[in-house]
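Okay, so here's the structure we're looking at.
Labels below follow one simple rule: chain letters A, B, ... track the order of the sequence lines, proteins then strands, and each chain is numbered from 1. In this text, all values refer to a predicted model and were calculated from it rather than measured experimentally.
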Amino acid sequence: MKASQYLISTLKEVPSDAEVASHILLLRAGFIRKIASGIYNWLPMGFRVLKKVEAIVREEMDASGALEVIMPVVQPGELWEESGRWGKYDEGLLVKFNDRHQRDFCLGPTHEEVITELARNELRSHRQLPVNLYQIQTKFRDETRPRFGLLRAREFVMKDAYSFHLDESSLDETYQVMHDTYSRILDRLKLEYRAVLADSGSIGGNASMEFHVLADSGEDVIAFSSSYAANLEKAESIIPEAETADPLPRTQVDTPGMHTINEVASFLKVDATRTVKTLIIKADNEDSGLGLVALVLRGDHQLNEVKAAHLPGLSTPITFANDAEVHAATGADPGSVGPVDLGLTCYVDHSAAALSNFVCGANQNDVHLTGVNWQRDVPAYQVADLRNVVEGDESPDGQGKLTFKRGIEVGHIFQLGKKYSDPMKATVLDDNGKAVTMMMGCYGMGVTRLVAAILEQYHDNRGMVWPTIVAPFHVIIIPINAHKSPEVAKVADDLYRKLEAAGIEVLLDDRDGHRPGAKFADAELIGIPHRLVVGDRGLSDGVIEYANRSSGESEHLPVGDVVTRLTEWVNSDR
RNA sequence: CGGGGUGUAGCUCAGCCUGGUAGAGCACUGUCUUCGGGAGGCAGGGGUCGUGAGUUCAAAUCUCGCCAUCCCGACCA
């Protein structure tokens, strides 16, 4: 490709609405342009990369035995009524509209309903199973907060696969195949990543793992030890040994103006780990004790809302009671609430439940209790895992301690079971001629998100540094003063033709009106792995200057060796 | 959806506090010089100052509403 005939839309300045590296670089290098919040155009240079990422995903999915289909972006509301998600799926995310006949439709945020409809019509016999169908499609989710460019867009490209099975063991098998396939895709993209245990969220189901590309800009925190890795929202806390200190008498103390754990702890000169905090949460119905429940955590711990949402009787998403409701239920304002004589259903985190002689609010403003003990002072309560693990916690599998890293979720695999096949009556006949509801698995991978995730790991202060396998071009040729030197023009053009003939993707920067400095800067910004500079200087010695974008190293190559060497380098790397 | 910030030329921003003929750099067009790390001169084109009200003789500037957009929190590939 000749640059003079291509669209290179680089920006010298950083667009004001971008903060993370991938977003800034995608805009500056002219890969994408925003058309509305979370909605982007892809320019030619960016589209080349997107297509390459897509191709790798497709190759590995095909190799796994999955079959590619394409489903519509627009989906009938009826199907969502059938699965029960029309009114239940996060209202904000689902964009609904009517056609001219006033029938309900939505823009597909995901395709479980459509695929299940497809499967129940096409799959009739157990002999057709298992089958794994996938597509690479544009999704639309009206995210509450699109951000970071491609990392959280509203319109994005996703690879989603759905598998159908007669029984659980078959589902397990495909689930494992998808796990391996995802690992292969991320390996080929040269990404540093982790597969972690995950909560299955609103899509539902049993087993579930996320694939995270490690990056400081990641929105998720993952907790891991040598042999365990989980999303923070899923990571289990270990159950500590109960303390066995002799119970002290329960004592009421005045704590004027002390509301936060830190204030109370330093006022009473105790460690925050000796205190307990009590959060008042709305229940999912009004008849359980004023419609509220209490969650009790050790003072230094944080509530894990995902874990809490799994408790029976709580509103989801978790909603905190407001100050007036707290006061009405406990007789005190938040900050002075505690589990003693509370009169609400009380869930206590393991770590808080292990304490003895602890400090808590007295349900009376500006008063706390010390020497509080479970059983004696709080006879009725239930113990559960409610908190976020913290760095240094024992790993739940007993192997070492947990450390944290941030990750970008690029893939998520689920075992759905019969969550959709059951309400939508997707059955096949088994070998006894009996109708059996199919088991389903579902496997998502964010393709556009992957493009950004790669950039988060592959950039430097000059711009993008693409791994060869997804680079928009493999080689860029920059002729110096070609307008003056017929020799330079001829050699550059000759190399260009020969490299193309060798199957290398070459960009020849033959743009008039751009001086060498500008071309160098563009080449580095766009992140083309190999750069050849053709100038009189080198030609007089019979060499071409070569520079590697990733290592920054350069060397002189004899003109005659260039095609062989480049072909070798590029092919060994893709 | 809660909290905060920002809307002036294609991009980055100044002007607003203290109301009085809309600016700079980059980009773009023409032209000359230049050509190994984002060149320089000359001549140009381009903005109903997000939007709607209000105050005023007069509003980019002051007031209120709305919209858009970005950032921090709850959701997801």
>> Any N or O donor-acceptor pair under 3.5 Å from the base of C11(B) to the side chain of R33(A)?
In response: no
> With a 4.5 Å heavy-atom cut-off, do K519(A) and R511(A) have their side chains touching?
Replying inline: yes
>> List the residues meeting salt bridge (charged side-chain N to carboxylate O under 4.0 Å, His left out) with E113(A), not counting sequence neighbours, and say none if there are none.
In response: R85(A)
Could you write out each protein N or O paired with an N or O of nucleotides 29-31 of chain B at a distance under 3.5 Å?
none

>> Roughly how many Å apart are G54(B) and A58(B), using the P atom of each and rounding to a whole number?
In response: 12 Å
> G3(B) and A60(B): how far apart are their P atoms, nearest whole angstrom?
Replying inline: 31 Å
Please tabulate, one pair per line, each protein N/O and nucleotide N/O from nucleotides 13-16 of chain B that are separated by under 3.5 Å, including the distance.
none

> Got a sec, which pairs hit salt bridge (Lys or Arg N to Asp or Glu O under 4.0 Å) with one end in residues 207-221 of chain A, sequence neighbours left out?
Replying inline: R147(A)-E219(A), R152(A)-E219(A)
> Excluding sequence neighbours, so at least two apart, what forms side chain to side chain contact (heavy atoms under 4.5 Å, CB included) with E54(A)?
Replying inline: L50(A), R58(A), I136(A), V157(A), V447(A)
> Under the salt bridge (Lys or Arg N to Asp or Glu O under 4.0 Å) rule, what pairs show up with a residue in residues 310-321 of chain A, not counting sequence neighbours?
Replying inline: none
> At under 4.0 Å, does any side-chain N or O of R147(A) touch on OP1 or OP2 of C76(B)?
Replying inline: no
> Excluding sequence neighbours, so at least two apart, what forms salt bridge (charged side-chain N to carboxylate O under 4.0 Å, His left out) with R33(A)?
Replying inline: none
For nucleotides 67-69 of chain B, list the nitrogen or oxygen atoms of the protein found under 3.5 Å from its nitrogen or oxygen atoms, one pair per line.
{"residue": "U69(B)", "atom": "OP1", "partner": "S37(A)", "partner atom": "N", "Å": "3.0"}
{"residue": "U69(B)", "atom": "O3'", "partner": "K34(A)", "partner atom": "NZ", "Å": "3.1"}

Kindly list each side-chain donor-acceptor pair under 3.5 angstrom involving residues 12-19 of chain A, sequence neighbours excluded, with atom names and distances?
{"residue": "D17(A)", "atom": "OD2", "partner": "K34(A)", "partner atom": "NZ", "Å": "2.9"}

> Can a cation-pi geometry be assigned to R565(A) and Y546(A), taking NZ or CZ under 6.0 Å from the six-membered ring centre and within 45° of the ring axis?
Replying inline: no
> Is the Y420(A) to F164(A) ring centre distance short of 6.0 Å?
Replying inline: no
> Does R154(A) have any salt bridge (charged side-chain N to carboxylate O under 4.0 Å, His left out) partners at least two apart in sequence or in another chain, and if so, which?
Replying inline: D142(A)
>> Between P on A77(B) and CE on M158(A), what's the gap in Å once rounded to a whole number?
In response: 6 Å
> Angle class for the Y175(A)/Y443(A) ring planes (parallel below 30°, perpendicular above 60°, tilted otherwise)?
Replying inline: tilted
>> My understanding is that only residues two or more places apart in sequence, or in another chain, count here; which of them pass side chain to side chain contact (heavy atoms under 4.5 Å, CB included) with D187(A)?
In response: Y193(A)
So which protein N/O to nucleotides 38-47 of chain B N/O distances come out below 3.5 Å?
{"residue": "G38(B)", "atom": "O2'", "partner": "K12(A)", "partner atom": "NZ", "Å": "2.7"}
{"residue": "G38(B)", "atom": "O6", "partner": "R28(A)", "partner atom": "NH2", "Å": "3.0"}
{"residue": "G38(B)", "atom": "N1", "partner": "D522(A)", "partner atom": "OD1", "Å": "3.3"}
{"residue": "G38(B)", "atom": "N2", "partner": "D522(A)", "partner atom": "OD1", "Å": "2.9"}
{"residue": "A39(B)", "atom": "N9", "partner": "R515(A)", "partner atom": "NH1", "Å": "3.3"}

